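This is a predicted model, so every value here is computed, not measured.
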Amino acid sequence: MVWLSIIILVPFIAAIIVPFLHKVFNQKIHIGWFVLFIPFLIFIYLLTYIPSISAGKTFTYLVQWIPTYDINFELYMDGLSLVFGLLITGIGSLVIFYSIFYLSKEREALHNFYVYLMMFMGAMLGLVFSDNILVIYVFWELTSISSFLLIAYWYQRQRSRYGAQKSMLITIFGGLSMLAGFIMLSIITDTYSMREIATQMDLIHGHELFFPLMILILIGAFTKSAQFPFSIWLPDAMEAPTPISAYLHSATMVKAGIYLVARFTPVFGGTAEWFWLVSGIGILTLLYGSINAVRQTDLKALLAYSTISQLGLIMSLLGIGSAILYFGYNDESSVYAIASLAAVFHLVNHSTFKGSLFMVVGIIDHETGTRDIRKLGGLLSFMPISFTLAVIGSFAMAGLPPFNGFLSKEMFFTAVVNASQLEIFNMETIGVLFPVIAWIASVFTFVYSMILVFKTFGGKYKPKMLEKPAHEAPLGMLIPPAILASLVVIFFFFPNVLANYLLKPALASLLPEEVTAVDIEMKISAWHGWNTELFMTIGVVVIGSILYILLKKWIGLYSVYPQSFTLNRLYDSGLAKMESGAKTITDQYMTGSLRAYMIYIFSLLIFVWGGALLLPGAFSIDVSNDAPVSFYEVGIMGSMLAAALTVLFAKSRLTAIIAVGALGYLVAIFFVLFRAPDLALTQLVVETVTTALFLLCFYHLPKFKKEKEKKGIPFKPLNLIISLGVGTVVTLFAISANSSRMFEPVSSYFEDSYELAGARNIVNAILVDFRGLDTMLEIFVLTIVGLGVYTLIKLRLARREKDEGAE
């Protein structure tokens, strides 16, 4: 299983190599040909696990990272993670192949594109194969960062920058919320392992933090998978190039939230809170996305809202399917397992037909110069192959036979009908709305699917409205959507091959062990007789056709709703007010005066810390165990006071620097008296280096300005008050902390530094070993600062040379 860790690292390694390939092969060969092999080979490798996974096996691999805190890079492959891994690499291969013909190697910064794409692919693979929830969070945020870069690929466009910022703000907010939930979960279960957490379901359900941590985790999932009301970022993300949209917003990034909910179903499922939140938000998102898709005039915007709608459908199925955890698996409750199976099935189906549709829309845009439905029409004669692919994808999205979307849509109807008959969670009353909302949303889904096909390819050809004459795409751009469209048809005729080898093992990941121990017999078929679901489908087709034919007569209803009350307007106005408020506050204290900044910082310290000391029991003094103060210590304290006063009254920087250095050396003498030679040695080294650096820097600064009118240093009462306040508060805190020890001092642990870390200098051991990660991050921050300073200097020099050349 070591290869499982390698396939996650390979895309990141490729991201490092791509710029060098671009430099060598730029203008000679499209570097996408080199990148294509990475997801393709990973896809082939993952296919070899299908027989084992379908037989019920799972695979794990552990790389120790921070074993003391149980934070390890532990990988876990089961049916669910394998399905996602195949989607990430399989569709990733097709997207890269498509991008080779879509993106010009002469006009585009391809090295940036493939670096970001490889980063995203590696992050998604790490997310779905990780077992440690903190490692999952790291990869989760990496997907947000890399998707931000991908959406902003055409950063010259204002809409691209806006869409990237919007997606990042919303998804990062969700990620931080999810992290808080993960921390609560680890506190309750005392583990970071997803598998171990799932075994403590009863403990989690009975804990007082159950509901808040569940909400926090769901916020993370809902933001990433564009669930209502967080769905507003997805349409704006369509400003990215079509290959990015086809990859991120049909098969991978938006499915990360679906994966998280599926993975946590065995943890939170079986409760009313989980059932209602997941299924309720999902069904609401389904309706919201389908209604808004119909009004769109941009093809990618239409697909964006349709993606929101389909993600809501999958989410609602996961919520409904979680009811089986309430009953346990038996003949009576098996009907609810259909919902979970349908969720995984539609997850795969949606990736195939929506990926194909995104590529077809990209072809239309690439070959006509527009995606505006009002300018399109009559393309059937010029683009017959694209039309065929659009029909397959759109009809599958509408849930029509003989395409895979029909099968999973029928299973969805079965799930909502069954849910309306539940006798738990108050479903016997409000549950009747589930099939009603599902049917209405399906009608709108049918309408926008017809709009996509017939408004684009039917009607009258409008050459004057197009930027270039319409023509069929080159073969290279047609192959990837054709492969996906062929899968749409194949999955319809052979659904149980997919179900037996991939869907049922993935379903087993959604259910606890006592449920998966029972052999779940479910077969997917296109015909179940004249049942309620079939009549619902017939109604969708009939009413949907009527609404499409009469579209011009009722489409104006959308303009009745005031645009000032939309979620986008709420987001924009909220962000503008936050920026305005932040600027107002910042202008109040960002005066450019270092003295003013120090006053703000120290004043806050005095009020917060000093206020905390006034709380009952916050302050105590106990000197019974303190050592007596010796004559030498009093002398050193007096010398330190003299050095500090010298800094205040010094008339030159040299004198002030020497006094500061003397103060540091006197502190080192204190460490010697207190039998801390390691600390004293470190203090002496640091003090010597900093004093030398101060002298070097201040040597080049101008001398102090002399006061002409006033003699001596002007007295400033505010400075005195703040200085005395800070000194008093810090002293009182130190005394109180020393007098009321709640725990054993940690110093006894660090005294064994030689045995624990092999270091004779305890300070070095703390910095390098015990706090090694902290120190490494500090060095990393300093490195970034150094690079920033270097960049600014280079830019300044370049500008100066440019100005001199102009003169």
Item to check | Step-by-step ring pair (Phe, Tyr, Trp, His ring centres under 6.0 Å) determination, F182 to F264 | outcome: CA-CA 11 Å; F182 282 175; F264 274 96; 5.7 Å; yes
Item to check | side-chain contact (heavy atoms from CB on, under 4.5 Å) between L663 and E687, worked out | outcome: CA-CA 9 Å; L663 188 61; E687 198 61 47; over 6 Å; no
Next on the checklist: Applying side-chain hydrogen bond (donor to acceptor under 3.5 Å, both in side chains) to Y61 and D131, what does each step give before you reach the verdict?
Outcome noted: CA-CA 10 Å; Y61 181 74; D131 181 62; over 6 Å; no
Next on the checklist: As a quick check of understanding, evaluate side-chain contact (heavy atoms from CB on, under 4.5 Å) for M637 and F670, giving each step before the final call.
Outcome noted: CA-CA 9 Å; M637 289 174 59; F670 251 127; 3.6 Å; yes
Checklist entry - Between V667 and M640, is a side-chain contact (heavy atoms from CB on, under 4.5 Å) present by the stated rule, with each step listed? => result CA-CA 8 Å; V667 172; M640 291 175 64; 3.7 Å; yes
Item to check | Check against side-chain contact (heavy atoms from CB on, under 4.5 Å), R263 and L127 | outcome: CA-CA 11 Å; R263 190 57 84 188; L127 192 158; over 6 Å; no
Item to check | T688 vs Y665, side-chain hydrogen bond (donor to acceptor under 3.5 Å, both in side chains): CA-CA, chis, key distance, verdict | outcome: CA-CA 9 Å; T688 301; Y665 287 123; 2.8 Å; yes
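Within 6.0 Å of atom OH in Y597, more than 12 heavy atoms from other residues, nucleotides or ligands are found, so the atom counts as buried in its surroundings. Around CZ of F674, the count of heavy atoms belonging to other residues, nucleotides or ligands within 6.0 Å exceeds 12. More than 12 heavy atoms of other residues, nucleotides or ligands sit less than 6.0 Å from atom CG of D774.
Interatomic distance, CD of E74 versus OG of S130, reported as 9.5 Å (0.5 Å rounding). One distance of note links CD of E208 with CE of M184; it measures 10.5 Å at 0.5 Å rounding. In this structure, the separation between CD1 on I170 and CD1 on I219 is 13.0 Å, given to the nearest 0.5 Å. Summarising the geometry, atom CD1 belonging to I8 is positioned 12.0 Å from atom CD1 belonging to I13; distances are rounded to the nearest 0.5 Å. Rounding to the nearest 0.5 Å gives a distance of 5.0 Å between CD1 of I217 and CG of L185. Between the CG atom in L149 and the CE atom in M119 there is a gap of 6.0 Å [rounded to 0.5 Å].
Panel note: side chain S603, backbone Y600; no donor-acceptor pair is recorded below 3.5 Å. Judged by distance alone, the side chain of W233 and the main-chain N or O of T223 form a donor-acceptor pair under 3.5 Å. Side-chain atoms of S177 do not come within 3.5 Å of backbone N or O of F173 as any donor-acceptor pair. In this structure a side-chain-to-backbone donor-acceptor pair under 3.5 Å is present from S723 to N719. The backbone N or O of A576 sits nowhere less than 3.5 Å from a side-chain atom of S580 that would complete a donor-acceptor pair. Using modelled atom types, one side-chain atom of E633 and one backbone atom of S630 make a donor-acceptor pair closer than 3.5 Å.
Listed here is the closest heavy atom pair of I606 and I722: CD1-O, 3.7 Å. Heavy atoms only, all atoms of each residue included: A596 and T591 are closest at CB-OG1, 3.5 Å. What you find for Q64 and N72 is that their closest heavy atoms are CA-OD1, 3.4 Å. The shortest heavy-atom contact between T691 and G661 is OG1-CA, 3.8 Å. Shortest non-hydrogen contact noted between I172 and E141 is CD1-OE1, 3.3 Å. Heavy atoms only, all atoms of each residue included: A221 and L260 are closest at CB-CD2, 3.8 Å.
Contact check for T791 versus L795: side-chain heavy atoms found under the 4.5 Å cut-off. For the pair F230/K224, no side-chain contact is recorded, criterion being any heavy-atom separation below 4.5 Å from C-beta on. For the pair D190 and E196, the minimum side-chain heavy-atom distance is 4.5 Å or more. Between L718 and R595 the shortest side-chain heavy-atom distance falls below 4.5 Å. Counting heavy atoms from C-beta outward, I151 and S160 have side chains that stay 4.5 Å or more apart. Using a 4.5 Å heavy-atom threshold, the side chains of L134 and L179 count as touching. The shortest distance between side-chain heavy atoms of M194 and Y76 does not fall below 4.5 Å. In this structure, M201 and V267 have side chains that are not in contact, with every pair of non-hydrogen atoms separated by 4.5 Å or more.
In terms of the ring pair (Phe, Tyr, Trp, His ring centres under 6.0 Å) criterion, residue partners of H205 (sequence neighbours excluded) are, by chain and number, F210.
Listed by first then second residue, pairs satisfying ring pair (Phe, Tyr, Trp, His ring centres under 6.0 Å) with a partner in residues 118-149 read F120-Y247, not counting sequence neighbours.
Checking Y116 against S147 by side-chain atom types alone, no donor-acceptor pair falls below 3.5 Å.
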